[in-house]
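Step one of this worksheet: look at the structure below.
Since this is a predicted model, take the numbers as computed values, not measurements.
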Amino acid sequence: MADFFRKIIFLLCVSVVFNANASVVVDINKGVMKPVNIALNLFEPTNSVKDKFLKVVHDDLQGTFLFRPIAEEAFMQVLTGVYKSPTFPLWKTINAQYLLNAEAKIVANKITVNFALYDVLSEMKVGTFSASGDIREWRKIAHLVSNSIYERVTGEKGYFDTKVLYVALQKQGRGKKIYRLAMMDQDGYDHKFLTDGRTIVLTPRFSPNGKEFSFFSYRERIVNGRRVPLSASVYRYNLASKKTELVAQFKGMTYAPRYSPSGNVLIFSLSNRGSSSIYTFDLITRRISRLTKGRCIDTSPCYSPDGKYIVFNSDRGGSQQLYIMDSDGSNIRRLSFSRGRYATPVWSPRGDWIAFTKFGNGGFYIGVIRPDGTGERMLSSGYLVEGPTWSPNGRVIMFSHQDYSRNEKIFSVDITGYNKHEIRTPGNAIDPEWSTKNGLF
Amino acid sequence: MFPNKGEISLKQSVTYSILLHIAVFACGSVSFFLPKKDNLLLVSVELAGEGELKQILSNNEELPKQEEFPKETVEENKQEDEIKEEKLPEKTEEISKDNEVPSQEKTEPAQVEEEQPKTTEVVEEEEKEEVKEDTHEESVSKFEEKNPKPQPKVKEKKKKIKKKRKALMEVIKSAEKQKKKKMSVKKLHDIIDKNSKKKDDAFDKMLSGSINDLKRVSGKGSQGTGAGSFGSGHSLVEGDYEMISSQIYPHWVVPGGVRDAENIVIEIGVQLRDTGEVIPSSIKILDEKRYATDYIFRAAADSARRAMLEASPLKIPKEKLELFRDFTLRFNLKEALGG
């Protein structure tokens, strides 16, 4: 009897332990970086936009390196409508992991696209979406479809309906160059010139709301064979009205104006007598304030997304390194400590990384570092790479790339260092600036 | 005369009292070493040894003999003999040669009292303490320091004797336990043989199953961190975790570059069929709340789920399959991205 009760007590103890620990746990601490196979099926009765629409989605997704679209010829099932349920084994056969089943209707110059996304292996519908607009904006709608797929599969916001500003460079005889501001979709389509090239324009920077951008411009004349700037000015350009407004004109040379996160302040560097300091200019009160002092060269300031800090590069420590200070100019501390020279730091929209240009070991690099100074790594290198800019979701970086034959192009690279590729432009291009918002145009 | 009578009576009374004291001491010392009748026979030995006992019974092997203890004591004696140089090991050797559990009848206090080196160590420590006290008290005189008084030596010897007696008692008790453990196991053997009713069998099966499951739970661990033993005879070792993870990770497309990747660990419960195939409906993401609200976590969890489905069926040896019938996979994004 005593044994019986003892066994009962023992079993109770066992059951308690079981409730706390259900099963054996196996850790998976490795994985692979490879694209996800996705089948893109679009049913459009008139077939007027089907192919080009699908091509935009295809290129968007493939350009991320995260997706590998499957050719339509491989499909084993024809789905004629968004409400048709797929036969999953047929899609598994062609190794599809995701299936986009979309249906487009065009009525009175309006296109409406309804689509469903399936996880083929789990045999589940993981999302349904809809987008519509003027038939002339079919590319934008295709980008929105890409955004939806990207967001559902990666969990991060899509960036396919964004714009990129850059400086188009046209080389003429006798070393003369024409600098023109230009804007295009992030995939290089829908290209437009914004200025005529009569003045030199540099460093276009979007405002936080994406409705305008600032840039730096100056005129120059040749004196004894040397180019001498006549005056340096900061302008702002309104994208809706397409009008340019002079913000300020300064005695010294002005560099790299950027907006604060509020959009009410411009921050830039101003050179005077061989040194350069960081200033802010209030766009409302038109008041200028100096943030750094000393006989050093402080340039390329950039606010953190929350506006509390400013990252910049300076030679105050002997070599050109990255520094961070509070937004009022106090509490300056060094961020980078490696050999080489650092320049053009740009804070990620997510706030978790700072991208920069680095020159060292005889080459140029685009790299990232965490705001606490850890995790520094190089993403790309080249004969001359510089001027990084972040995608709105903080996932991709674009930068200027000059090869050995002095061709200047724009490239992009994923934050993981994968998928470096060229962004198509009509001619030479430098100094890209990615829009801060989606879907503004 | 009266004083003479008194002197005589005093002498007599002192003599009587001495004799009585001796008698009482003798009786007391004899009863001190007599076996105690206690109820410690059914101590937890029964449950702890049941599984082993069943295995032994099924193999028709003899009950385990308690041989190890005497061997150890011999070795310990050898070490102690070197230190103490006392002529006591002979009888302990006899005990070990006979391979019998030492009983109170065979062992005498003086013989066994040297068998516990631990108590000897304690005595030595106490001796050291006493020496320290002496030296402290007699620190004034150097001569006395070099030649401590004989009285403490007597005390030390007495204490030694006491400690040795204690050691003897411990040895006797342990010997009793060994013997009674043997007896209780025999009893249990008889009980199991006699009580072959279905209810008891079912109960015992359930109990042994629970023991096995408990051992399995105790084997819970991450890859490369530990191993658990199993009552069925199969053990879960590091290689088993590696066997599973090596089949799954080539299919896990790591969502690199996502925000807060260092804080994403996905735990997924899964069940397998006899063929090692993952039962799709059994896949359960344990942190359902985060899955519903955190889109990056959801995407990472989906990628982990896909990895399991792509890796299915898992190649697991038949004898190990039962261990992974229902288990949890823990996908660590930070580790997968290089820490």
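Counting heavy-atom pairs closer than 4.5 Å to chain A, the top-ranked of the candidates B/D302, B/D294, B/I248 is B/D302. Most heavy-atom pairs under 4.5 Å with chain B: of the set A/D414, A/T154, A/D352, A/V36, this distinction falls to A/T154.
If you measure heavy-atom distances from A/Y98 to chain B, the contacts under 4.5 Å come from the side chain alone. Both the backbone and the side chain of B/R306 come within less than 4.5 Å of a heavy atom of chain A.
Counting non-hydrogen atoms of neighbouring residues, nucleotides and ligands closer than 6.0 angstrom, the OH atom of B/Y291 exceeds 12 such neighbours. Around atom CZ of A/F411, more than 12 heavy atoms belonging to other residues, nucleotides or ligands sit under 6.0 Å away. Taking a 6.0 Å sphere around NZ of A/K308, one finds it holds 12 or fewer heavy atoms contributed by other residues, nucleotides or ligands.
The two atoms that bring A/V24 and B/F324 nearest to each other are CG1-CE2, 4.2 Å, heavy atoms only. B/A299 approaches A/G155 most closely through the heavy-atom pair CB-N, 3.7 Å. Contact between B/V253 and A/K34 at its shortest, heavy atoms only, is CG1-O, 3.0 Å. Across B/E262 and A/R370, no two heavy atoms sit closer than the pair OE1-NH2, 4.2 Å.
From A/N29, atom CG reaches atom NZ of B/K334 across 11.5 Å, with rounding to the nearest 0.5 Å. Rounding to the nearest 0.5 Å gives a distance of 14.0 Å between OH of B/Y295 and CD of A/E156. Between the CE atom of A/M33 and the CG atom of B/L337 there is a distance of 7.0 Å, given to the nearest 0.5 Å. Atom CZ of B/R259 is separated from atom CD1 of A/I415 by 11.5 Å, given to the nearest 0.5 angstrom.
Counting heavy atoms from C-beta on, the side chains of A/D27 and B/E335 never come closer than 4.5 Å. Between A/K30 and B/V254, every side-chain heavy-atom pair lies at or beyond the 4.5 Å cut-off.
Applying side-chain contact (heavy atoms from CB on, under 4.5 Å) to A/I28 and the options B/I266, B/L329, B/I268 leaves one that passes, B/L329.
For a heavy-atom cut-off of 4.5 Å, chain B lies close to A/D119, A/L121, A/S122, A/M124 in residues 119-127 of chain A.
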